[in-house]
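Have a look at the structure below, then the notes.
Here, residue 1 is the first one in the sequence, and each next residue gets the next number.
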Amino acid sequence: MIKRFIIAAASVLLAIAAYAEDMNVTASPDGLKQAFTRGNDLWVSSNGVETRLTSDGSDLILNGYASWVYYEEIFGRASKYKAFWWSPDSRKIAFYRFDNTSVPMFPIYSPFGQDGSLSLTRYPKAGEPNPGVRIGIADIATGRITWADFPEDPDQYFGTPFWGNDSAELFVPREPRRQSQLDLYSISVADGSKQLRYHEVYPTWIDWIDEVLFTDKGLYMARDFQTGWQQIYFLSYDGKTFKRLTDGRNWGIQLLKVDEKKGDVWFVAKRDSRLHPTVYKVNRKGVVTALTDPELWADFVGFAPDGKSFTARVSNARTPWKTVKYRADRYGVLGVEKPADEVDMANTPLPQQIMIQHDGFDLYGLITYPKGFDPSKKYPVIMEVYGGPGTAYVRDRWNDRDASNRWAWENDVIWMCVDPRSSGENGREGMDQAFRQMTVIELEDYIAWAEYMQSLPYVKGDRIGVDGFSFGGTTTSMLVMRYPEYFHCGIAGGGVYDWTLYDSAYTERFMDTPQANPGGYERATVLNYVPGCSLCRDGGEPRGYLKLTHGTGDDNVHFQNTLQFIDALQRNNCDFDMMIYPDGMHGYRGHQHLHDVDDAAKFWTRYLLDK
């Protein structure tokens with residue numbers, strides 16, 4: 001009887017696997033095999049023959065398919081949940097095995113269809129259990145799996161691994177849950193034993209190693225633990241050689257290319273300009289040479305086969321994109337590969353750079369004056385904000401989404417996009433001040449921006465609006481509710497209104513856990529500021545005006561945040577506007593985006609233009 005049951009159960013599992021969707025089909029480096037996940041197990045196919053490498057995949061056990069918090073915060077959404085990696089010799093596959101057993105389930109309701117439906121996600125919120133992770137290395141020829149010698153501890157994270165060139169070792173970055181220490185281990189594919197190759201500690205938080213160039217002798221990476229700014233380092237694979245190549249105020253480093261014989265490294269960074277990524281070369285003596293104009297934003301860099309030249313797309317908010325060919329040894333323009341498109345500049349919003357100083361920090365912004373701007377008149381202002389640590393919203397490039405707004409330009413409204421000290425333009429010193437107290441120092445900097453604007457003769461100081469989405473929605477709601485003397489109204493979209501409702505990895509990186517930092521969470525929770533806020537009637541008219549928007553299908557910042565916010569506002573007799581987007585995600589698309597843009601214009605017309 002038992003034997004028959006086991007055989008029947010196995011047949012059911014095989015049938016389920018056969019009908020499950022193949023996910024993240026990835027060819028081996030030699031092009032002869034393909035790996036994929038099916039039914040949360042890892043498979044490989046070769047010459048039409050499929051081999052199942054794992055067999056315990058289920059709703060709770062995910063082999064080669066990321067648990068949600070890894071997908072969102074470590075591998076990134078571009079990974080599409082992929083959590084397996086071919087070895088260079090195509091003989092092995094490294095993969096992460098996630099155990100979601102202890103991770104709380106969060107339901108997201110969709111109203112569509114006669115009965116609606118639920119999407120269930122294992123989503124760890126701040127202070128809650130994370131998934132356990134094991135790291136396996138599957139031998140394609142034998143099917144044998146070697147497990148890396150790590151404990152399956154939910155209070156740790158593993159970053160994206162990478163293979164050594166000889167396929168004999170897998171390099172795995174690890175951080176404890178606190179995220180203030182990073183260790184890079186090499187894992188033997190023979191027996192799973194590990195050796196520590198790199199160790200880094202920092203008082204606040206540490207970002208993952210994600211900008212890497214591999215060579216025969218070691219790897220080049222960008223780190224920010226030593227000088228307060230990002231620098232380029234060389235680390236030998238055995239961990240015995242660790243050398244810094246650069247100095248100075250570098251940020252946003254992207255490594256491009258290395259010449260091992262000469263010792264030259266090409267990279268992109270904000271160095272001579274805090275607003276413009278520029279292409280640089282550093283030689284073995286540490287001399288850094290700018291290869292593109294620091295007054296222009298450079299991206300899409302591609303080198304010629306001989307390495308003597310490269311092309312880059314360059315622009316700023318006042319100069320349309322063009323693709324230029326440059327020398328690779330020193331600054332020199334060799335030609336224009338693709339000229340800028342024809343633009344009617346007189347009929348185009350053109351943001352200007354702006355900077356103020358506050359509390360010893362340089363704060364950067366872009367400001368767009370309305371069409372036909374007359375400095376003898378007075379204009380209302382809309383301030384676009386974000387505020388999350390290490391995320392700059394001021395991007396001085398052509399036609400950037402947040403740098404300008406055509407409706408504001410055409411309707412006599414000054415539009416500006418500004419950053420606080422913690423956005424990265426002030427290095428680690430500015431960012432670190434947000435640790436354990438998010439939305440405290442950021443608000444001080446946004447108030448400084450408002451005070452600056454109120455000091456200008458052409459600004460209506462009592463008609464400054466604020467707009468933000470995600471972390472920007474959190475920031476916007478705080479500013480309007482608490483500081484109506486500076487911010488008359490605002491639109492907050494998709495915001496986190498209680499940080500215990502957001503995911504563990506992001507929130508705890510900057511705030512620690514709620515158990516370890518209860519005071520910090522209390523200060524950072526929007527809901528705590530509702531009683532007596534500017535939106536409350538208190539027997540008269542509100543002193544501030546706030547519109548909330550959220551997509552009900554948002555799997556990142558759950559609609560739960562806005563529902564709890566609404567409940568608090570209603571309990572305290574507060575006025576507010578609200579727009580929900582059924583099944584809308586974290587950012588509105590299609591008809592929802594068009595409606596959001598149109599509805600925002602109506603809100604600004606009412607509360608800024610008084611029409």
Side-chain angles (χ1 to χ4, degrees), residues 12-28 33-46 50-87 92-108 118-124 128-140 143-148 150 152-154 156-163 170 172-174 187 208 210 503-506 553 555-556 585-586:
V12 170
L13 289 173
L14 286 172
I16 292 172
Y19 287 102
E21 181 182 358
D22 294 349
M23 306 294 292
N24 295 312
V25 178
T26 305
S28 59
K33 297 176 281 292
Q34 290 185 322
F36 54 92
T37 58
R38 177 190 296 164
N40 290 328
D41 275 316
L42 183 62
W43 294 68
V44 67
S45 66
S46 179
E50 294 184 344
T51 303
R52 189 175 186 170
L53 299 175
T54 64
S55 59
D56 61 346
S58 68
D59 288 342
L60 295 175
I61 303 298
L62 317 179
N63 293 288
Y65 191 85
S67 184
W68 187 91
V69 74
Y70 272 71
Y71 157 71
E72 176 67 28
E73 302 296 357
I74 296 177
F75 301 150
R77 294 207 163 212
S79 70
K80 298 181 179 179
Y81 290 94
K82 178 175 172 286
F84 63 86
W85 302 268
W86 279 103
S87 63
K92 296 177 176 63
I93 300 175
F95 67 96
Y96 284 10
R97 175 189 182 274
F98 298 91
D99 185 347
N100 277 337
T101 301
S102 299
V103 180
M105 180 77 77
F106 191 87
I108 297 176
L118 283 180
S119 174
L120 302 176
T121 303
R122 296 283 174 171
Y123 184 116
E128 293 186 335
N130 277 328
V133 182
R134 297 184 72 190
I135 300 173
I137 302 171
D139 187 290
I140 304 304
R144 176 176 175 267
I145 294 177
T146 301
W147 296 101
F150 290 106
E152 193 174 0
D153 181 0
Q156 65 181 346
Y157 296 104
F158 294 102
T160 303
F162 51 89
W163 283 95
L170 179 73
V172 177
R174 175 196 174 276
I187 310 300
W208 292 105
D210 59 4
D503 79 62
S504 55
Y506 181 92
D555 69 332
N556 184 358
M585 299 298 288
H586 199 59

Glu21 side chain near Arg38 side chain, heavy-atom distance below 4.5 Å: no
Are more than 12 heavy atoms, taken from residues, nucleotides or ligands other than Asp153, located less than 6.0 Å from that residue's CG atom? yes
What residues form a side-chain contact (heavy atoms from CB on, under 4.5 Å) with Ile74, not counting sequence neighbours? Tyr70, Tyr157, Trp208
Euclidean distance, Phe95 CZ relative to Leu170 CG, rounded to 0.5 Å: 11.5 Å
If you compare all heavy atoms of Asn24 against all heavy atoms of Phe84, which two are closest, and at what distance to 0.1 Å? O-CZ, 3.1 Å
For Tyr123 and Asn556, indicate whether the former's side chain and the latter's backbone hold a donor-acceptor pair under 3.5 Å. yes
Shortest non-hydrogen pair, Arg122 vs Trp68, comes out as O-CB, 3.7 Å
In short, Pro161 meets Val172 closest at the heavy-atom pair CB-CG2, 4.1 Å
Taken to the nearest 0.5 Å, the spacing of Ile140 CD1 from Thr51 OG1 works out to 8.0 Å
Flag, side chain of Arg134 to backbone of Arg97, donor-acceptor distance under 3.5 Å: no
Spatial distance of atom NZ (Lys33) from atom OG (Ser28) [nearest 0.5 Å]: 4.5 Å
Pairing residues for Ala83 by the side-chain contact (heavy atoms from CB on, under 4.5 Å) criterion, not counting sequence neighbours: Ala66, Phe75, Trp85, Tyr96, Phe98
Tell me the closest heavy-atom pair linking Asn100 and Ser67, and the distance in Å. OD1-OG, 2.8 Å
Would you say Leu120 and Asp59 make side-chain contact, with heavy atoms under 4.5 Å? no
Any chance you could measure Phe150, atom CZ, to Ile135, atom CD1, to the nearest 0.5 Å? 5.0 Å
Hey, is the main chain of Leu42 close enough, under 3.5 Å, to the side chain of Thr54 for a donor-acceptor pair? yes
Determine the minimum heavy-atom distance between Gly553 and Met585, stating which atoms define it. O-SD, 3.1 Å
Trp86 and Phe162: aromatic ring centres closer than 6.0 Å? no
Write down the atom of Pro124, the atom of Pro129, and the distance for their closest heavy-atom approach. CB-O, 3.3 Å
About how many Å separate CE of Met105 and OG1 of Thr121, when rounded to the nearest 0.5 Å? 8.0 Å
Does any part of the side chain of Glu128, heavy atoms only, come nearer than 4.5 Å to the side chain of Val103, both counted from C-beta? no
Answer yes or no: is there a side-chain heavy-atom contact under 4.5 Å between Tyr81 and Leu62? no
Beyond-backbone contact of Asp56 with Asn63, side-chain heavy atoms, under 4.5 angstrom: yes
Do you see a donor-acceptor pair shorter than 3.5 Å between the side chains of Asp99 and Thr101? yes
Pairwise side-chain contact, Val69 with Ser504, heavy-atom cut-off 4.5 Å (strictly under): yes
How long is the straight-line distance from CZ of Arg77 back to NE2 of His586, given to the nearest 0.5 Å? 8.0 Å
Excluding sequence neighbours, so at least two apart, what forms side-chain contact (heavy atoms from CB on, under 4.5 Å) with Gln34? Val25, Ser45
The residue among Val44, Asp41, Thr37 that forms side-chain contact (heavy atoms from CB on, under 4.5 Å) with Leu53 is Val44
